[in-house]
Amino acid sequence: MSRRPLAIAALVVALAGCDDLFGSDPVEVRIENASSAMFSEATLYTSEGPVTFGDVGPGEATPYTQVTTAYRFATTQVVVQGDTLRLQVIDFVGEEPLDGGRYTYVLGVDGLGTTSPSLTQTFRKDD
């Protein structure tokens with residue numbers, strides 16, 4: 001029996017795990033401020049660690065950040081009017097990683113100016 005078919009099969013299996021070789025799109029994520037207040041700091045916690053941005057005005061978005069793995073929700077933190085607001089993800093059990101493409105975590109603030117403001121998060125796949 002020839003070893004050539006076996007070697008070719010092994011090569012195909014090895015290359016199947018190399019997404020970049022076949023040109024798959026990277027995953028890029030960012031934060032958008034959907035509140036009426038300035039975020040004096042916005043942090044997105046990614047698979048590579050935290051990425052902190054400076055001022056993000058109402059209706060503005062941060063630049064995209066390329067990550068290895070992202071999910072439809074993420075731990076995020078903002079500083080708005082001196083308050084630090086955080087949404088903490090506990091785990092990703094049952095979640096599937098996002099396919100290649102660009103995604104935005106849209107952050108809002110409920111109860112701004114009250115004693116208990118809270119951070120809200122929605123998710124959007126961008127074109």
Visitor: Can you list every pair that meets ring-ring contact (aromatic ring centres under 6.0 Å, His included) and has a residue in residues 83-127, with sequence neighbours left out?
Guide: Tyr71-Phe92, Phe73-Phe92, Tyr103-Phe123, Tyr105-Phe123

Visitor: Could you pull out all residues at least two apart from Glu48 that satisfy side chain to side chain donor-acceptor pair (under 3.5 Å)?
Guide: Thr68

Visitor: Can you tell me how far the CG atom of Leu44 sits from the OG1 atom of Thr104, to the nearest 0.5 Å?
Guide: 10.5 Å

Visitor: Looking only at heavy atoms, what is the nearest atom pair of Asp25 and Gly101, with distance?
Guide: CB-N, 4.1 Å

Visitor: Once side chain to side chain donor-acceptor pair (under 3.5 Å) is applied, do any residues pair with Thr43, and if so which ones, sequence neighbours excluded?
Guide: Thr52

Visitor: So, for Leu119 and Gly108, which heavy atoms are closest and what is the spacing to 0.1 Å?
Guide: CD1-O, 3.3 Å

Visitor: Starting from Val106 and following side-chain heavy-atom contacts under 4.5 Å between hydrophobic residues (I, L, V, M, F, W, Y), which residues can be reached?
Guide: none

Visitor: Can you get from Met38 to Val56 by hopping between Ile, Leu, Val, Met, Phe, Trp and Tyr side chains that sit under 4.5 Å apart?
Guide: no

Visitor: Could you report the tightest heavy-atom contact between Pro58 and Ser35, atom names first, then the distance?
Guide: CB-O, 3.2 Å

Visitor: Once rounded to the nearest 0.5 Å, what's the spacing between atom CG of Leu85 and atom OG1 of Thr76?
Guide: 9.5 Å

Visitor: For residues 118-127, which residue pairs qualify under salt bridge (Lys or Arg N to Asp or Glu O under 4.0 Å), counting only residues two or more places apart or in two chains?
Guide: Arg30-Asp126, Glu32-Arg124, Arg124-Asp126

Visitor: Taking only residues two or more places apart in sequence, or in another chain, which ones meet Thr114 in a side chain to side chain contact (heavy atoms under 4.5 Å, CB included)?
Guide: Ser116, Pro117

Visitor: Can you sort out the partners of Thr62 under side chain to side chain donor-acceptor pair (under 3.5 Å), two or more places apart, ordered by chain and number?
Guide: none

Visitor: Just grab all the salt bridge (Lys or Arg N to Asp or Glu O under 4.0 Å) pairs involving residues 102-123, residues at least two apart or on different chains.
Guide: Glu28-Arg102

Visitor: So, using side chain to side chain contact (heavy atoms under 4.5 Å, CB included) as the criterion, who are the partners of Val79 when residues are at least two apart?
Guide: Ser40, Glu41, Thr84

Visitor: When rounded to the nearest 0.5 angstrom, what distance separates OG1 in Thr46 from CD in Gln66?
Guide: 11.0 Å

Visitor: In this structure, would Leu112 and Leu107 fall into the same cluster of hydrophobic residues linked by side-chain contacts under 4.5 Å?
Guide: yes

Visitor: Excluding sequence neighbours, so at least two apart, what forms side chain to side chain contact (heavy atoms under 4.5 Å, CB included) with Thr75?
Guide: Tyr45, Arg86, Gln88, Val89

Visitor: Could you report the tightest heavy-atom contact between Ala37 and Val80, atom names first, then the distance?
Guide: CB-CG2, 3.5 Å

Visitor: Tell me, please, which residues at least two apart from Glu96 pass side chain to side chain contact (heavy atoms under 4.5 Å, CB included).
Guide: none

Visitor: Once salt bridge (Lys or Arg N to Asp or Glu O under 4.0 Å) is applied, what residue pairs with a partner in residues 54-77 remain, sequence neighbours excluded?
Guide: Arg72-Glu95

